[in-house]
Amino acid sequence: VTIMPTLFKNVRILEISNAATTSLIEDILNLLIEGDIWTKNTRNAIICKNASCFWPMSSNGVVYIPFTLDRSYSPLDKITITGAMTDFYSKACIQFIPWTNQKDYVSIEPQNGCWSSVGKVGGKQVVSLQRDTCLFNGVIQHELNHVLGFLHEQSRSDRDQHVRIDWQYIKYVNNFQKINTNNLAHTSLQNCYRRDAFSNTTNEYTITPIPNPNVTIGQRIGLSSIDIQRINLLYQCSK
């Protein structure tokens with residue numbers, strides 16, 4: 001069991017408005033790409049002008065990301081979420097801290113599904129971690145990686161060097177469009193989807209690793225060594 005660190009004992013919990021209406025939920029689902037990326041006011045890649053889509057590094061070499069937790073989360077939910085956050089600081093220079101009226105911050109809420117914007121979008125930035133669905137270490141860290149500015153592996157500009165996309169079996173082709181990305185490393189947590197992701201059939205794969213088709217893909221256990229390497233490179237961490 002992960003013990004909640006002292007850092008989070010006074011975390012400020014905000015009460016959000018009533019549950020979204022049916023139409024709002026439908027709008028949210030329509031705006032998601034690749035299953036969990038919020039497209040409104042978000043960047044398409046981890047390349048952006050003047051690094052404006054990255055969280056700034058403080059003078060002490062730490063990237064602080066303020067956050068709030070919705071008050072409907074249980075004490076165990078909060079321990080799970082904040083426990084997943086501590087990995088980023090123990091292995092990189094990213095530290096999630098309780099919000100104290102900073103302009104830009106992450107609001108973690110149990111909305112419909114697991115999703116996030118990519119990078120820093122400015123102001124209040126919602127990350128949805130639905131209870132009983134998303135509150136697993138690897139899933140939480142996956143969405144927080146989106147917050148840092150990382151996209152899914154199947155959208156990388158160099159993805160064809162690492163996987164083969166079988167278009168005839170894909171139900172939602174937009175989920176596999178390549179984007180101009182800053183390719184720091186490969187085979188990471190962001191390559192979270194299984195071989196049959198977004199398939200239009202139950203018998204065929206949409207993603208096949210190359211040159212070895214037997215390589216395991218789709219891990220959601222937690223931050224890998226490649227994830228840490230990419231974070232440290234992107235944010236120029238000294239760790």
Side-chain angles (χ1 to χ4, degrees), residues 2-17 20 28 32 36-38 40-43 46 51-58 60-151 189-190 220 222-223 227-228 231-232 234-235 237 239:
T2 303
I3 305 300
M4 181 182 290
T6 303
L7 172 65
F8 299 111
K9 68 180 181 180
N10 294 320
V11 61
R12 186 173 182 179
I13 310 299
L14 297 186
E15 182 176 10
I16 63 172
S17 60
I28 290 174
L32 292 178
D36 71 334
I37 295 178
W38 175 252
K40 184 177 181 181
N41 295 326
T42 189
R43 278 75 176 180
I46 57 173
S52 60
C53 60
F54 301 138
W55 297 84
M57 179 176 286
S58 65
N60 64 0
V62 178
V63 177
Y64 294 109
I65 303 180
F67 75 96
T68 60
L69 294 179
D70 185 77
R71 67 182 306 168
S72 64
Y73 285 121
S74 71
L76 181 58
D77 293 339
K78 297 167 191 174
I79 290 174
T80 301
I81 295 170
T82 55
M85 289 176 169
T86 58
D87 266 0
F88 288 87
Y89 188 56
S90 65
K91 301 172 182 175
C93 61
I94 309 298
Q95 187 170 4
F96 292 88
I97 60 173
W99 179 67
T100 55
N101 294 314
Q102 292 93 335
K103 176 184 176 182
D104 302 325
Y105 68 100
V106 173
S107 176
I108 300 178
E109 305 172 7
Q111 294 197 22
N112 192 27
C114 323
W115 48 264
S116 171
S117 301
V118 176
K120 179 175 72 68
V121 301
K124 176 183 176 180
Q125 179 171 333
V126 175
V127 172
S128 175
L129 294 175
Q130 184 176 339
R131 298 189 66 195
D132 303 322
T133 301
C134 312
L135 297 185
F136 301 94
N137 189 68
V139 176
I140 297 168
Q141 292 178 345
H142 175 86
E143 299 307 332
L144 294 179
N145 259 337
H146 284 322
V147 170
L148 294 177
F150 292 103
L151 289 159
L189 176 65
Q190 293 310 100
R220 280 202 176 187
L223 291 173
D227 288 316
I228 298 303
I231 293 170
N232 285 329
L234 183 63
Y235 280 90
C237 298
K239 290 190 177 183

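Below, each value reflects all heavy atoms present in this structure, side chains not excepted, and no hydrogens, waters or symmetry copies. In this text, all values refer to a predicted model and were calculated from it rather than measured experimentally.
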Between [atom1] of [X] and [atom2] of [Y], what distance do you get to the nearest 0.5 Å?
{"X": "Tyr89", "Y": "Ile65", "atom1": "OH", "atom2": "CD1", "result": "13.0 Å"}
{"X": "His142", "Y": "Cys114", "atom1": "NE2", "atom2": "SG", "result": "9.0 Å"}
{"X": "Thr82", "Y": "Asp77", "atom1": "OG1", "atom2": "CG", "result": "10.5 Å"}
{"X": "Ser90", "Y": "Phe88", "atom1": "OG", "atom2": "CZ", "result": "9.5 Å"}
{"X": "Leu129", "Y": "Ser116", "atom1": "CG", "atom2": "OG", "result": "8.5 Å"}
{"X": "Lys91", "Y": "Cys237", "atom1": "NZ", "atom2": "SG", "result": "14.0 Å"}

If every non-hydrogen atom of [X] is compared with every non-hydrogen atom of [Y], which pair is closest and at what distance?
{"X": "Gln125", "Y": "Gly119", "result": "NE2-O, 2.8 Å"}
{"X": "Leu234", "Y": "Leu148", "result": "CD2-O, 4.0 Å"}
{"X": "Phe136", "Y": "Thr133", "result": "CE1-O, 3.4 Å"}
{"X": "Met57", "Y": "Cys93", "result": "CE-SG, 3.7 Å"}
{"X": "Gly222", "Y": "Asn137", "result": "CA-ND2, 3.8 Å"}
{"X": "Asp70", "Y": "Pro110", "result": "CB-CD, 3.5 Å"}

With a 4.5 Å limit on heavy-atom distance, are the side chains of [X] and [Y] in contact?
{"X": "Ile108", "Y": "Met85", "value": "yes"}
{"X": "Asn145", "Y": "Asp227", "value": "yes"}
{"X": "Ser107", "Y": "Phe67", "value": "no"}
{"X": "Ile94", "Y": "Trp55", "value": "no"}
{"X": "Lys124", "Y": "Tyr105", "value": "yes"}

_Check: Leu223 main-chain N/O paired with Gln141 side-chain donor or acceptor under 3.5 Å_ =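 Judged by distance alone, yes, a pair lies under 3.5 Å.
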
Could you walk me through whether Ile231 and Phe150 pass the side chain to side chain contact (heavy atoms under 4.5 Å, CB included) test, one step at a time? CA-CA 9 Å; Ile231 293 170; Phe150 292 103; 3.7 Å; yes

